[in-house]
There are 2 protein chains.
Amino acid sequence: MKRPERWNALLELLGRDGRIEVEEAAAELTVSAATIRRDLDELAQQQMLTRTRGGAVAHNLSYDLPLRYKTARRASEKQRIGAAVARMVEHGAVVGLNGGTTTTEIARAIATRGELSDSVGGGPAVTVVTNALNIAHELAVRPHIKIVLTGGVARPQSFELMGPLATGVLDQVSLDLAILGVDALDPERGAAAHHEGEAGINHLMADRAARVVVAADSSKLGRRAFARICALEAIEVLVTDTDATEEAIAPYAEAGVRVIRA
Amino acid sequence: MKRPERWNALLELLGRDGRIEVEEAAAELTVSAATIRRDLDELAQQQMLTRTRGGAVAHNLSYDLPLRYKTARRASEKQRIGAAVARMVEHGAVVGLNGGTTTTEIARAIATRGELSDSVGGGPAVTVVTNALNIAHELAVRPHIKIVLTGGVARPQSFELMGPLATGVLDQVSLDLAILGVDALDPERGAAAHHEGEAGINHLMADRAARVVVAADSSKLGRRAFARICALEAIEVLVTDTDATEEAIAPYAEAGVRVIRA
DNA sequence: GACTTCTCTGCAAGATCATGCGCATTATCA
DNA sequence: TGATAATGCGCATGATCTTGCAGAGAAGTC
């Protein structure tokens, strides 16, 4: 187990219990206590927690989220989804991307797509509008991609920008294509997210776009989440992975959504 | 010479000449041709250039900037400046930060400042308003820091957000303290930047703040740059490094600016 | 069509970094 | 104040990554 995963695990433990003990964590992660100490020291240096004798405690009233520090679960599925979605982006398009691990993979796929590289007339090959800090940060150095970031407040422990400042910026743009990674997709309720602020931004993005593509790995299908993003009718294409069963995707296809399994 | 520096050097060569030859670059950087090939392949993968037989060419009409990919010149000076500036940020303050390598160090120093960690009542210990993508990205995971990002268009090859979207967001906030890293500081002309869009943002940030601190290493003093940010009268404190001579800082002190040499 | 030049791949040497252990020091608790 | 436990530091080991070299293959040239 490498360092970032271990940090992630430690922060997860800490988010759950509010505190951590060195020996306990060492046993849990099957590493030596010295390593845990080092990790805790570094995380304390980063102000992620406060060291105590024998362990550490959460810094503030600890946030509920386990904090996906740098997670990569279902990585290969998401990469395939990313490649499939990236293929739908044509040259010169203005695409909106929301935050999440899936959309991050999509962004990478768009960035490394060779066909988009030969831009005509010096203009950007593709314009990406996003509220995801990590996506913007990753794509910023590519000469052929124009990055537009919504402003707003960074959601704690995450990389998404939210709030009135963000919606204010989105009011002023139009998109050819909105690509939304969602937390849940239900045939009746449509797409939804866990966080209402996020959902609001995503809804606005879908509203501003001529076409809407939803990316959701198979585990998201049929699930419901708290905050609604948009109805099924607003979705033109759903991209999921090959683990999705026929029965799982049938309702969406019947509702007129084009379903792609990557 | 490590990999990021080598990439930086390669991109700098490429930005200057528009193309690169493998053998030539290998000789220049005193590494083997195989290494250059590998580097070029990776950069091509990232869409930073296009590979050709025997070398590579710039991707588009190449941008003028040498592209500070990950540069760290005058690192220790900037770290000292960063620590000094961070000490001026009190608990609960709302501070504005513009982009640049110096302000990035300041942001790191603010983030790792222990005294700010014990936040009272669960509120953020400090609120950072910035148009710098890299700063926002680095600070986003810290629970005790609230990050507000101006929206806008990412300047190609850089990490600063600019344009009307950015100014629109800045219009809606007020700052206790504006911390500006500048490209040039002249006793008569005040602070200035190389890029007019950047200068506009910086000006607005200074305008929105109750107090203005300018951070500029000694090489910036007495220099002039194209786009003016603000007059000397608007500046309350100047933080520079110990390489600045008495004569260099005298005019600023006489003009009523508090000068700190870190 | 042969030759030259460049490229790609596997392999080994080298460096770098993380990890684990032991010991001296320091802090906490009774 | 004394005992116990945790911490910090230094060093050795191990793994991983990077680099350079050499040979095979491919592309371009005359």
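Only this structure's heavy atoms are used, side chains among them; waters, hydrogens and symmetry mates stay out. In the text below, chain A, chain B and the rest are named by the order of the sequence lines, each starting its count at 1.
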*Asks:* In whole Å, I'd like the distance from the CZ atom of A:Arg51 to the P atom of C:dA27.
*Replies:*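 It is 14 Å, rounded to the nearest whole Å.
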*Asks:* Distance check: side-chain N/O of A:Thr35 vs OP1/OP2 of C:dT19, anything under 4.0 Å?
*Replies:*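 False: A:Thr35 side-chain N/O out of range (4.0 Å or more) of C:dT19 OP1/OP2.
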*Asks:* Between C:dT16 atom P and B:Glu5 atom CD, what is the distance in whole Å?
*Replies:*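 Between P of C:dT16 and CD of B:Glu5: 12 Å.
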*Asks:* Atom CG of B:Asp41 to atom P of C:dC6: distance rounded to whole Å?
*Replies:*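 Checked: the CG to P distance equals 16 Å.
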*Asks:* List for me each residue that meets side chain to side chain contact (heavy atoms under 4.5 Å, CB included) alongside B:Ser219, sequence neighbours excluded, and say none if there are none.
*Replies:*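 Expected list: B:Arg74, B:Asp217, B:Arg223.
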*Asks:* Atom pairs, N/O to N/O, protein against nucleotides 14-18 of chain D, distance under 3.5 Å?
*Replies:*
unit_1: D:dT18; atom_1: OP1; unit_2: B:Arg3; atom_2: NH2; d: 2.7

*Asks:* What heavy-atom pair brings B:His194 and B:Ala225 nearest, and what distance separates the two atoms?
*Replies:*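 Heavy-atom minimum between the residues: ND1-CB, 3.8 Å.
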*Asks:* Give the table of side-chain donor-acceptor pairs shorter than 3.5 Å for residues 19-30 of chain A, with sequence neighbours excluded, one pair per line with atom names and distance.
*Replies:*
unit_1: A:Arg19; atom_1: NH1; unit_2: A:Glu21; atom_2: OE2; d: 3.4

*Asks:* For B:Leu40 and D:dT19, what is the distance between atoms CG and C1' respectively, to the nearest whole Å?
*Replies:*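 For the pair B:Leu40 CG and D:dT19 C1', the rounded distance is 16 Å.
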*Asks:* Measure CD/B:Glu24 against C1'/C:dT5 and give the value in whole Å, please.
*Replies:*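 Atom-to-atom, B:Glu24 to C:dT5, this comes out as 17 Å.
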*Asks:* Taking all atoms of both residues into account, what is the closest heavy-atom pair of A:Met162 and A:Glu198, and its distance?
*Replies:*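 It is SD-N, 3.5 Å.
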*Asks:* Using whole Å, report how far CD1 of A:Ile36 lies from C1' of D:dA5.
*Replies:*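 For the pair A:Ile36 CD1 and D:dA5 C1', the rounded distance is 18 Å.
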*Asks:* Under 3.5 Å, side-chain donor or acceptor atoms of residues 93-100 of chain B against the rest of the protein: list the pairs with distances, not counting sequence neighbours.
*Replies:*
unit_1: B:Asn98; atom_1: OD1; unit_2: B:Gly181; atom_2: N; d: 2.9
unit_1: B:Asn98; atom_1: ND2; unit_2: B:Gly181; atom_2: O; d: 2.9
unit_1: B:Asn98; atom_1: ND2; unit_2: B:Asn202; atom_2: OD1; d: 3.4

*Asks:* In whole Å, what is the span from the CD atom of A:Glu23 to the C1' atom of C:dC21?
*Replies:*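 Distance check: A:Glu23 CD to C:dC21 C1' gives 13 Å.
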*Asks:* B:Ser218 and side-chain hydrogen bond (donor to acceptor under 3.5 Å, both in side chains): which partner among B:Asp241, B:Thr240, B:Thr242?
*Replies:*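 Result for side-chain hydrogen bond (donor to acceptor under 3.5 Å, both in side chains) with B:Ser218: B:Asp241.
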*Asks:* Does A:Asp39 reach a base, just sugar-phosphate, or nothing at all? Heavy atoms under 4.0 Å.
*Replies:*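 Nothing, no nucleic acid heavy atom in range.
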*Asks:* Between the protein and nucleotides 21-30 of chain D, list every N/O to N/O distance that falls short of 3.5 Å.
*Replies:*
unit_1: D:dA27; atom_1: O4'; unit_2: B:Arg53; atom_2: NH2; d: 3.1

*Asks:* So, B:Arg6 and B:Asp39, do they make that salt bridge, N to O below 4.0 Å?
*Replies:*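 Yes, charged N to carboxylate O under 4.0 Å.
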*Asks:* Could you note down all residue pairs passing salt bridge (charged side-chain N to carboxylate O under 4.0 Å, His left out) where residues 100-112 of chain B supplies at least one of them, sequence neighbours left out?
*Replies:*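 Checked against salt bridge (charged side-chain N to carboxylate O under 4.0 Å, His left out) - neighbours excluded - the pairs reaching residues 100-112 of chain B are B:Glu105-B:Arg108, B:Arg108-B:Glu138.
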*Asks:* Could you tell me if A:Ser32 and A:Thr35 have a donor-acceptor pair between their side chains, going purely by distance under 3.5 Å?
*Replies:*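 A:Ser32 and A:Thr35 do have a side-chain donor-acceptor pair below 3.5 Å.
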